[in-house]
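We number each residue from 1, following the sequence as shown. Since the structure is predicted, the reported quantities are computational estimates derived from the model, not experimental observations. Both counts, for ligands and for their atoms, begin at 1 and track the order of listing.
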Amino acid sequence: MSDATQSGSRSAAHPDLYAAPTWHQMATAAGLVNADGSIGETIFGQMTALAGRHDAINLGQGSPGDPTPDFLIDAATEAMRAGVNQYAPGQGHRVLIDAVAEQRRRCYGQEVSADEVLITIGATEGLSAAIVALVPRGSEVIVFEPFYDSYAAATALAGGKLRTVGLIEDGAGGFAPDWEAFERTIGPQTAAIIVNTPHNPTGLVFTAEMLTRIYQAAVDSDAWIFTDEVYEYLVFGDRQHVALASIVDDPSRVVSISSAGKSFNITGWKIGWTIAAPPVREAIQAVKQYFCFTGGAPFQPAVAAALNDHEDFAHTSARSLAARSEILVPAFEQLPGVRVSQPQGGYFTLVDFAGTTDEDAYALNERLTREFGFTGIPGPALCAAGTPVSEAFAQTIRYSFCKSEEETAEAARRVRAAAEELS
Ligand code: PMP
C-alpha cells in the first residue's frame with residue numbers, strides 16, 4: 001500500500017479503510033493489488049475488456065458459449081410460477097439435497113445422507129465457508145498451483161497461510177503433482193489441502209492413486225481435505241472422475257464441493273453443494289448462513305431435475321468439449337516452438353510460449369489479441385506471486401475451449417493464421 005493511498009484514505013470523509021485490513025489482505029492474496037496500492041480488476045475482467053477493445057475472441061473466462069438447455073429454463077420457470085420465490089431453507093430445498101445425495105451414490109458409490117448436504121451459492125461459497133469454518137488462524141492451507149483464485153482470498157479471510165505445491169509437466173503433455181514439494185510442504189501446521197479435480201487450468205484428472213496419497217498425508221498431518229469437483233462431469237475419453245470421499249474408508253475429514261454451473265451451462269445460476277459429515281456440515285452452514293443465508297430458490301428444483309433426469313446432457317457436454325479441445329489444441333500446436341497441454345478434462349488448455357519468444361505472458365497475450373484476435377489468461381495470474389511455479393508459467397497462457405462451436409472454430413482459424421505468419 002502506498003503513502004498516497006494511505007493518506008488518501010486518511011483525508012477522506014470516512015473512517016480509515018485500512019483500520020480493517022481484511023479486505024486488503026484478501027485482495028492481496030488474490031493478486032488484485034496494484035503497485036500503487038489500489039485494487040485492480042480481476043484478471044478475468046481485464047482480459048474480457050482487452051478482448052472487447054480489439055474485437056478478439058475471448059478464450060479467457062471459463063463461461064460456456066453454448067445455450068442453457070430448455071429443460072432447465074422450463075423447470076426454473078415452472079418453479080417460479082409455482083411460487084418457489086421466497087427464501088429457501090438454510091440447508092437448501094430438500095428436493096435438491098436428495099438429488100445431490102442420490103447423484104453421489106449413483107455416480108461414485110458414496111453413501112450420503114440428507115444431513116450431510118448443504119446447498120450453497122455456487123461452489124465458491126461452499127469453499128469459502130468451509131475454509132472460514134475449519135481453518136484455524138495462523139495455520140496453513142495447501143493448494144496445487146496454478147489454482148482458482150478464490151482459495152487464496154478465502155484463506156486470507158480465515159487468517160490462514162496459503163502454501164502452494166506445483167503441478168508439473170509429466171512429459172506426456174499432461175501434469176502431475178510435484179510430490180517432493182508436497183512432502184516438503186505438508187506437516188502438523190497444515191490445516192487443509194484443497195484438491196481441484198478435474199483441474200483448472202491444467203486439465204489434470206487426479207487418479208485414485210494420487211488422491212489416496214494426498215488423503216494418507218492428510219491423515220498423517222490431521223488435516224482436512226476440501227475437494228473442488230466443479231468439472232466432475234467434464235472428463236474426456238475413457239477417463240473417470242474419482243470422488244476422493246468415495247475411495248477412502250472414513251471420509252469424515254473430507255469436504256466434497258461441487259456445483260451445476262459448468263456441467264449444465266448455468267454458471268450464472270450459482271447453485272452449488274457441499275457434502276460433509278453432519279457436525280462438519282453444521283459448522284460450514286453456521287458460516288455460510290451469514291454470507292448469504294440462502295439463494296437461487298427456484299433454481300434449486302431445476303438443478304435437482306437436471307441431476308435426477310438429465311445427466312446425459314452433462315455427458316454430451318463432456319464429449320462436445322473434448323471435440324472442441326481437439327480443434328483448438330492442434331491449432332495451437334501449429335505455432336512454432338510452443339508446448340501445448342493435452343487436457344484430460346475441464347475447460348482449458350495451457351500453451352507455453354517459452355521456446356518462441358522472450359515476451360512475458362501478459363505482453364504476449366496483449367500482442368496476440370491485437371495482431372491475431374484471440375485472448376487468453378496469462379498463466380502467472382493463476383499462481384501466487386513469486387513462486388517457482390509462477391516462474392515456470394511466466395510465458396504460459398491459458399485458453400478455454402468452452403466457447404460455442406462457431407467461436408471455437410473461428411478461434412482455431414485465427415490461431416492457424418498466426419501460426420502461418422509466425423513460422
Ligand atoms: N472452482 C473452479 C476450479 C473453477 O474454475 C470455478 C469457476 N471458474 C469455480 C470453482 C466456481 O464455481 P461456482 O461458479 O460454482 O462458484
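- Here the two rings, on Tyr347 and Tyr231, have centers that are under 6.0 Å apart.
- Of all atoms in ligand 1, listed by their number and element, those nearer than 4.0 Å to a heavy atom of Lys262 are 6 (C), 7 (C), 8 (N).
- Some N or O of Asn200 is nearer than 3.5 Å to an N or O of ligand 1, by distance alone.
- With a heavy-atom cut-off of 4.0 Å, Thr124 touches ligand 1 through backbone and side chain alike.
- Other residues, nucleotides and ligands contribute more than 12 heavy atoms inside 6.0 Å of the CD atom of Gln289.
- Of all the heavy atoms of Lys270, the ones lying under 4.0 Å from any atom of ligand 1 belong exclusively to the side chain.
- Under 4.0 Å from ligand 1, heavy atoms of Ala123 appear from its side chain as well as its backbone.
- Proximity to Val230 (heavy-atom distance under 4.0 Å) selects the following atoms of ligand 1: 1 (N), 2 (C), 4 (C), 10 (C), 12 (O).
- For the pair Tyr231 and ligand 1, a heavy-atom separation below 4.0 Å is found.
- The one candidate from Glu232, Gln110, Glu311 that meets the side chain to side chain donor-acceptor pair (under 3.5 Å) condition with Gln103 is Glu232.
- Under the 4.0 angstrom criterion for non-hydrogen atoms, His199 is not in contact with ligand 1.
- Listed by atom number, the atoms of ligand 1 under 4.0 Å from Asn196 heavy atoms are 3 (C).
- A cation-pi arrangement is not found for Arg414 relative to Phe372, the charged atom failing to lie both closer than 6.0 Å to the ring centre and inside a 45° cone about the ring normal.
- Ligand 1 has no nitrogen or oxygen under 3.5 angstrom from a nitrogen or oxygen of Tyr151.
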Item to check | Test side-chain contact (heavy atoms from CB on, under 4.5 Å) applied to Phe291 and Ile121, step by step | outcome: CA-CA 9 Å; Phe291 283 169; Ile121 314 296; over 6 Å; no
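- Counting only heavy atoms of the protein, atom 2 (C) of ligand 1 lies nearest to Asp228 OD2, 3.3 Å.
- Screening Val143, Val254, Leu211 for a side-chain contact (heavy atoms from CB on, under 4.5 Å) with Val195, the sole residue that qualifies is Leu211.
- Taking the six-membered ring where the residue is Trp, Tyr233 and His315 present perpendicular rings, their angle passing 60° and hence far from 30°.
- Judged purely by distance below 3.5 Å, without hydrogens or angles, the side chains of Thr357 and Glu359 pair a donor atom with an acceptor atom.
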